[in-house]
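In what follows, chains carry the letters A, B, and so on, assigned in the order in which the sequence lines appear, proteins first and then strands, with residues in each chain numbered from 1. Note that the structure is predicted; figures quoted are calculated from it, not measured.
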Amino acid sequence: MAKEITNRSENYSQWYNDIVRKAQLAEHSAVRGCMVIKPTGFAIWEKMQSQLDKMFKETGHINAYFPLFIPKSFLSKEAEHVEGFAKECAVVTHHRLMNNPDGPGVVVDPSAKLEEELIVRPTSETIIWNTYKDWIKSYRDLPILINQWANVVRWEMRTRPFLRTAEFLWQEGHTAHSTKAEAIEEAQKMHEVYARFAEDYMAMPVIKGAKSANERFAGALETYTIEALMQDGKALQAGTSHFLGQNFAKAFDVKYLDNNNKEQFVWATSWGVSTRLIGALVMTHSDDEGLVLPPKLAPLQVVIVPIPKPNGEIMEHAERIAAQLKEKGISVKIDTDKKNRPGFKFAEYEMKGVPVRLGIGKRDIENNQIEVARRDTKTKENVSMDGIAEHVANLLDDMQRGLFEKALAHRNEHITPVDNYDQFKEVLENKGGFISAHWDGTTETELKIKDDTKATLRCIPDDEEGEGTCIVTGKPSKQRVIFAKAY
RNA sequence: AGGGGUGUAGCGCAGUCCGGUUAGCGCACUUGGUUUGGGACCAAGGGGUCGUAGGUUCGAAUCCUAUCACCCCUACCA
């Protein structure tokens with residue numbers, strides 16, 4: 001039987017594309033740069049959404065929805081913001097079509113030109129702060145802690161499923177505060193929420209830190225990031241949280257009266273994660289056999305395969321076990337298909353990343369046992385049918401932990417401290433991964449490294465101490481920072 | 001955005017250079033049968049505006065022009 005998925009060692013990009021397609025997460029659409037997220041891929045997103053949404057609610061946030069379209073003039077109100085996004089905006093210029101006077105089909109009606117063009121949101125700061133202006137009058141109106149689940153459009157030249165698409169789904173939190181300290185605390189709190197989600201639910205270890213001035217969000221004073229390492233040694237920015245200072249408040253004139261009856265500008269944050277996390281999930285855990293998912297985010301956690309095929313007796317046992325699993329909150333499906341043979345199904349479910357597969361046949365029933373196969377290690381064991389639900393529940397926990405530990409080990413093996421520029425280049429070239437090095441703190445040095453090596457400054461880690469000297473200039477450095485080639 | 005490549009059935013491809021019966025092959029799909037504890041086998045079927053739009057020609061998957069999409073390598077980005 002032909003191998004359906006390219007090996008990682010052969011062609012990592014192709015491997016990624018194969019997984020996305022074969023595990024039916026997404027496919028290319030008729031629209032340039034836009035993908036169709038298929039039911040399996042969307043189910044993963046729904047799992048992520050429901051958990052994140054819960055965490056946002058627990059930290060006091062509520063959901064709302066703002067328009068898809070943004071008046072062009074709004075975008076230009078914050079100078080750095082417009083500079084960051086102007087190059088990748090979709091623009092709506094007309095509001096009507098007409099029959100083509102010169103032939104078949106329809107054309108844009110030239111008489112229907114918009115007075116002011118509309119931008120399809122690349123992010124919503126401007127429309128939101130234009131709205132907050134009306135909502136905020138007094139310190140009593142603050143804080144505003146709002147999140148929205150939405151789609152955004154960034155007109156990218158090169159796209160890849162989930163990692164970079166012209167349209168993507170995300171959440172964006174936008175908060176307004178009366179003090180600087182409170183806004184910084186908010187940005188850091190959400191940074192922490194993202195890190196916890198990545199590690200506890202995606203089983204994906206991340207480095208928490210701040211972005212350099214050069215890598216900051218357009219319009220932010222500080223950007224906090226979680227950076228993950230993919231299996232090919234490249235870094236992926238998995239979530240960012242921004243302290244926006246008073247930039248947007250000033251651009252949109254959002255002021256409040258404090259308790260001394262004095263006008264003050266409002267302090268802002270924004271934070272977001274996107275469907276890119278699905279790409280991160282794929283590239284963190286999957287193998288040459290297909291998708292591997294952490295149980296907490298797997299749309300289907302357990303599949304029961306009757307062997308060789310469903311019949312009355314086998315189904316009786318299968319349904320009983322399925323009921324026991326559901327009792328414990330485990331999602332389970334019995335494969336009642338009679339067309340394919342067990343071997344085919346095994347390969348199929350491995351490709352799709354179902355964490356646990358249970359095989360039940362005549363032999364098992366005679367021995368009061370069940371065959372339990374785990375996707376992550378590809379090992380099988382026979383387990384007594386009594387207490388099987390308990391066993392599977394523990395197994396899922398083990399797998400969740402095991403996937404994190406494995407990813408963590410890989411990540412830790414690929415954080416390499418270096419003390420001079422030659423060593424930096426050598427490690428980047430031959431080993432890849434995160435490189436921990438001293439840096440003098442200037443954009444100039446950062447850009448030189450990028451020009452020389454293509455590595456970017458991923459983050460200035462929170463938990464790094466110890467002074468040193470910059471590997472490029474020899475100037476003093478407050479702490480080591482993380483460089484890597486990135487997605 | 002620059003360079004290179006590819007578009008032929010759901011998927012993977014041959015055919016294109018050198019135009020000429022009814023456009024092929026493998027997998028997948030349908031039906032019947034035999035199988036069934038790690039990707040089964042036999043037989044008979046169904047499925048194509050050859051990416052799209054023009055053009056050249058008696059005749060175009062094949063030649064010409066335009067256009068769109070995707071892939072790889074660079075540049076930019078969640």
Checklist entry - So which nucleotide does B:C70 pair with, by the Watson-Crick or G-U wobble rule with both distances under 3.5 Å? => result B:G5
Please produce a list of atom pairs where a protein N or O lies less than 3.5 Å from an N or O of nucleotides 68-76 of chain B.
{"residue": "B:A69", "atom": "OP2", "partner": "A:R32", "partner atom": "NH1", "Å": "3.3"}
{"residue": "B:C70", "atom": "OP1", "partner": "A:G33", "partner atom": "N", "Å": "2.8"}
{"residue": "B:C70", "atom": "O3'", "partner": "A:H28", "partner atom": "NE2", "Å": "3.4"}
{"residue": "B:C71", "atom": "OP1", "partner": "A:H28", "partner atom": "NE2", "Å": "3.4"}
{"residue": "B:C72", "atom": "OP2", "partner": "A:R158", "partner atom": "NH2", "Å": "3.2"}
{"residue": "B:A75", "atom": "OP1", "partner": "A:K454", "partner atom": "NZ", "Å": "2.3"}

Checklist entry - Counting any heavy atom closer than 4.0 Å, what does A:F217 reach on the DNA or RNA strands: base, sugar-phosphate only, or nothing? => result nothing
Next on the checklist: Regarding A:R21 and A:E27, does a basic nitrogen lie under 4.0 Å from an acidic carboxylate oxygen?
Outcome noted: no
Checklist entry - Which class fits the ring pair A:F424 and A:Y421: parallel under 30°, tilted 30 to 60°, perpendicular over 60°? => result tilted
Checklist entry - Does B:C13 pair with anything, Watson-Crick or G-U wobble, both distances under 3.5 Å, and if so, with which nucleotide? => result B:G24
Item to check | Aromatic ring pairing A:F243/A:W267, orientation class (parallel under 30°, perpendicular over 60°, tilted between) | outcome: parallel
Item to check | Counter-base of B:G37, judged by Watson-Crick or G-U geometry with both distances under 3.5 Å | outcome: none
Checklist entry - Rounding to the closest angstrom, what is the interatomic distance between B:U65 and B:G5 at atom P? => result 15 Å
Checklist outcome for this item: Sorted by position of nearest nucleotide on RNA chain B, 5' first, the leading residue of A:G343 and A:R216 is A:G343
Checklist entry - Just checking A:K345: base, sugar-phosphate only, or nothing, at a heavy-atom cut-off of under 4.0 Å? => result nothing
Checklist outcome for this item: Contacts of A:R121 meeting salt bridge (Lys or Arg N to Asp or Glu O under 4.0 Å) (sequence neighbours excluded), chain-then-number -> none
Checklist entry - So A:Y194 and A:W271, would you call those rings parallel, tilted or perpendicular, with 30° and 60° as cut-offs? => result perpendicular
Item to check | Inter-nucleotide C1' distance (B:A61, B:G7), Å rounded | outcome: 11 Å
Item to check | Atom C1', compared across B:A1 and B:U57: separation rounded to whole Å | outcome: 39 Å
Checklist entry - Does atom NZ of A:K431 have more than 12 heavy-atom neighbours, drawn from other residues, nucleotides or ligands, at distances under 6.0 Å? => result yes
Item to check | Pair partner, B:G47 [Watson-Crick or wobble, under 3.5 Å] | outcome: none
Checklist entry - Of all of residues 42-55 of chain A, which get a heavy atom below 4.0 angstrom from RNA chain B, listed by number? => result none
Checklist entry - When we call it a touch if two heavy atoms are under 4.0 Å apart, what does A:T456 touch: a base, just sugar-phosphate, or nothing? => result nothing
Item to check | Sequence-distant partners of A:N367, side chain to side chain donor-acceptor pair (under 3.5 Å), two or more places apart | outcome: none
Item to check | Residues A:F217, A:H81; criterion ring-ring contact (aromatic ring centres under 6.0 Å, His included); working and verdict | outcome: CA-CA 8 Å; A:F217 176 75; A:H81 190 70; 5.8 Å; yes
Checklist outcome for this item: Residues at least two apart in sequence or cross-chain that pass side chain to side chain donor-acceptor pair (under 3.5 Å) with A:Y201, listed by chain then number, are A:Q51
Checklist entry - Using a cut-off of less than 4.0 Å, is there contact between a side-chain N or O of A:R341 and OP1 or OP2 of B:G38? => result no
Checklist entry - Less than 3.5 Å between a donor and an acceptor, one on the side chain of A:E350 and one on the base of B:G38, is that the case here? => result yes
Next on the checklist: I want to confirm an ordering. Mapping A:Y487 and A:I360 to their closest nucleotides on RNA chain B, which one lands closer to the 5' end?
Outcome noted: A:I360
Checklist entry - Whole Å only: how far is the CG atom of A:D337 from the P atom of B:G39? => result 16 Å
Checklist outcome for this item: The nucleotide from B:A78, B:G39, B:C11 with an atom nearest the side chain of A:R154 is B:A78
Next on the checklist: Applying a 4.0 Å non-hydrogen cut-off, can you work out what A:L163 is touching in the nucleic acid: base, sugar-phosphate, or nothing?
Outcome noted: base
Checklist entry - For atom P, what is the distance between B:C72 and B:C13, given to the nearest Å? => result 14 Å
Checklist outcome for this item: By the Watson-Crick or G-U definition, both distances under 3.5 Å, B:C18 is matched with none
Next on the checklist: Checking contacts here: which listed nucleotide (B:G39, B:U30, B:G37) is nearest the side-chain heavy atoms of A:K339?
Outcome noted: B:U30
Next on the checklist: Go through it in stages, so that I can follow the logic: the residues are A:E350 and A:R357, the test is salt bridge (Lys or Arg N to Asp or Glu O under 4.0 Å), and I'd like the CA-CA distance, side-chain angles, deciding distance and then a yes or no.
Outcome noted: CA-CA 9 Å; A:E350 278 159 18; A:R357 186 184 72 233; 3.0 Å; yes
Checklist entry - When the distance from CZ of A:R121 to C1' of B:A78 is rounded to whole Å, what number comes out? => result 15 Å
Checklist entry - Does A:V372 reach the side chain of A:V356, with side-chain heavy atoms less than 4.5 Å apart? => result yes
Checklist entry - Is A:R363 paired with A:E371 through a side-chain N to carboxylate O contact shorter than 4.0 Å? => result no
Checklist outcome for this item: Quick note, A:P308 side chain, CB onward, closest among B:A78, B:G39, B:U36 is B:U36
Item to check | Gap between atoms CG and P, on A:D18 and B:C11 respectively (whole Å) | outcome: 14 Å
Checklist entry - Distance between the P atoms of B:A78 and B:A53, in whole angstroms? => result 39 Å
Next on the checklist: B:G37, OP1 or OP2 - any side-chain N/O from A:K380 closer than 4.0 Å?
Outcome noted: no
Item to check | Rounded distance (Å) that lies between atom C1' of B:G38 and atom NZ of A:K378 | outcome: 9 Å
Checklist entry - When the C1' atoms of B:G48 and B:C25 are considered, how many whole Å apart are they? => result 14 Å
Next on the checklist: Once you apply a heavy-atom cut-off of 4.0 Å, does A:D364 come out as touching a base, just sugar-phosphate, or nothing?
Outcome noted: base
Item to check | Watson-Crick or G-U counterpart of B:C63, or none if no pair lies under 3.5 Å | outcome: B:G55
Checklist outcome for this item: Applying side chain to side chain donor-acceptor pair (under 3.5 Å) to A:R8 and not counting sequence neighbours gives A:Q231, A:D288
Next on the checklist: For a quick check of understanding: with a heavy-atom distance under 4.0 Å over all strands, which category does A:E215 fall into, base, sugar-phosphate or nothing?
Outcome noted: nothing
Checklist outcome for this item: To the nearest angstrom, the NZ-P distance between A:K309 and B:A40 comes to 11 Å
Next on the checklist: Can you check the distance between B:U56 and B:C63, where both ends of the measurement are the C1' atom (answer in whole Å)?
Outcome noted: 8 Å
Checklist outcome for this item: Rounded to whole Å, the CD-P distance (A:E348 to B:C27) equals 17 Å
Checklist entry - Once you round it to whole Å, what is the distance between P of B:A40 and CD1 of A:I307? => result 13 Å
Checklist outcome for this item: Atom CG of A:N311 and atom P of B:U35 are separated, to the nearest Å, by 17 Å
